[in-house]
Amino acid sequence: MGFPAQRLRRLRKNENLRRLIRETHLSVDDLIMPLFVRPGKGIKQPIPSMPGNYQMSIDKLVEEVKLLEGLGIPGVILFGIPEKKDEMGSDAYSDEGIIQKTIMAIKREVKNILVITDVCMCEYTSHGHCGFIRKDEKTSSFDVDNDMTLELLVKESVSHAQAGADIIAPSDMMDGRVEAIRQGLDENGFEHIPIMAYSAKYASGFYGPFREAAESTPGFGDRSSYQMDPHNAEEALREVALDIEEGADIVMVKPALAYLDIIRIIRDKFNYPVAAYNVSGEFSIVKAAAEKGWIDEKRVALEILTSIKRAGADMILTYWAKDAAQWLKSK
Ligand code: PBG
């Protein structure tokens, strides 16, 4: 057979050998922690479907961000639950909005962490859709009005930048939003603020727990008219190409785990930084199985994060960011 016994196995014999031939290195440098902010004071309310995650009032959230900074985590991404929702999602772009106030509070007290903001309407609209809803009187069907929504997203992005956001991350999937937001930021003196675009965002069942956490489940219909069909890969390349053309600095794939192939083809095809969103459902299934004693959470979580990195992601948005930062330190 001409193949010496143990040819491959002899490099796996001990941990030091394994370290030398290791191809993928997961580190705290790769991690971004999502956080949920709600009105009030002194509130840290557990999110039942996402153990270890909380809806926090601004004061508590700032304390948490300090801890994350101390762990060496490079960035957080913020999601807001506003005092009141309305048809136009007006809290999203108000100077007094929940996110705007949170950014300012973080920036007053925490110096060395990036504040990324999710730009979308779904947490702020009474109907829970990602944009402005237009009703067709004849057919009494509903649709999201793309161009009207773009105006709102630009206002939202500029107000986040004015409050001190470091990176703007549009997650709405309207056509033309990156270009519109880029232009809006530039016109208002924010040429230096990068855009992290949720470029390949699939209409996924894995967002279930997040919608509970952010109280953003659509009141009717679903998001299939603006999010991608899970059956498609080529379409993801078109979405990414367009976003880069329009000015995206970082492109994102979401979810991550069921879409590792998409991360890989984007990494191979474009030389732009790739972010992957390890979404709520991917987190909660592991938590639930671990609670039952069926799997080892730490081991599985690190394996999942490593696989996302190995697939080609430069950065990972993950609810494990805080735990993983600690696990990786004590390894
Ligand atoms: C939309 C948004 C969603 C998530 C992040 N931004 C939800 C959606 O499209 O319904 C999901 C993240 C997760 O599941 O962890 N603003």
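Side chains included, hydrogens not; waters and symmetry mates left out as well; all remaining heavy atoms used. Order of appearance sets the numbers: ligands from 1, and atoms from 1 within every ligand.
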Rounded distance [0.5 Å steps], OH in Tyr277 versus CD1 in Ile32: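 Spacing of OH (Tyr277) from CD1 (Ile32) equals 10.0 Å.
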
Hydrophobic cluster partners of Met104 (side-chain heavy atoms under 4.5 Å):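 Cluster partners of Met104: none, it stands alone.
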
ILVMFWY clustering at 4.5 Å (side-chain atoms), partners of Leu242: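 In the cluster with Leu242 there is nothing else; it is isolated.
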
Pair Glu215 + Arg38: basic N to acidic O under 4.0 Å: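 Salt bridge: yes.
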
Summary of salt bridge (Lys or Arg N to Asp or Glu O under 4.0 Å) pairs that have at least one residue in residues 270-285, sequence neighbours excluded: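 The answer is none; no pair qualifies.
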
Per-ligand residue contacts, ligand 1, heavy-atom threshold under 4.0 Å: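 The answer is Phe79, Asp118, Cys120, Cys122, Glu123, Ser171, Lys201, Phe206, Tyr207, Phe210, Arg211, Arg223, Gln227, Lys254, Tyr277, Val279, Ser280, Tyr319, counting any residue whose heavy atom sits under 4.0 Å from ligand 1.
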
Test: Lys201 cationic atom under 6.0 Å from Tyr207 six-membered ring centre, within 45° of axis: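 Positive - Lys201 is close enough to the ring of Tyr207 and near enough to its axis.
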
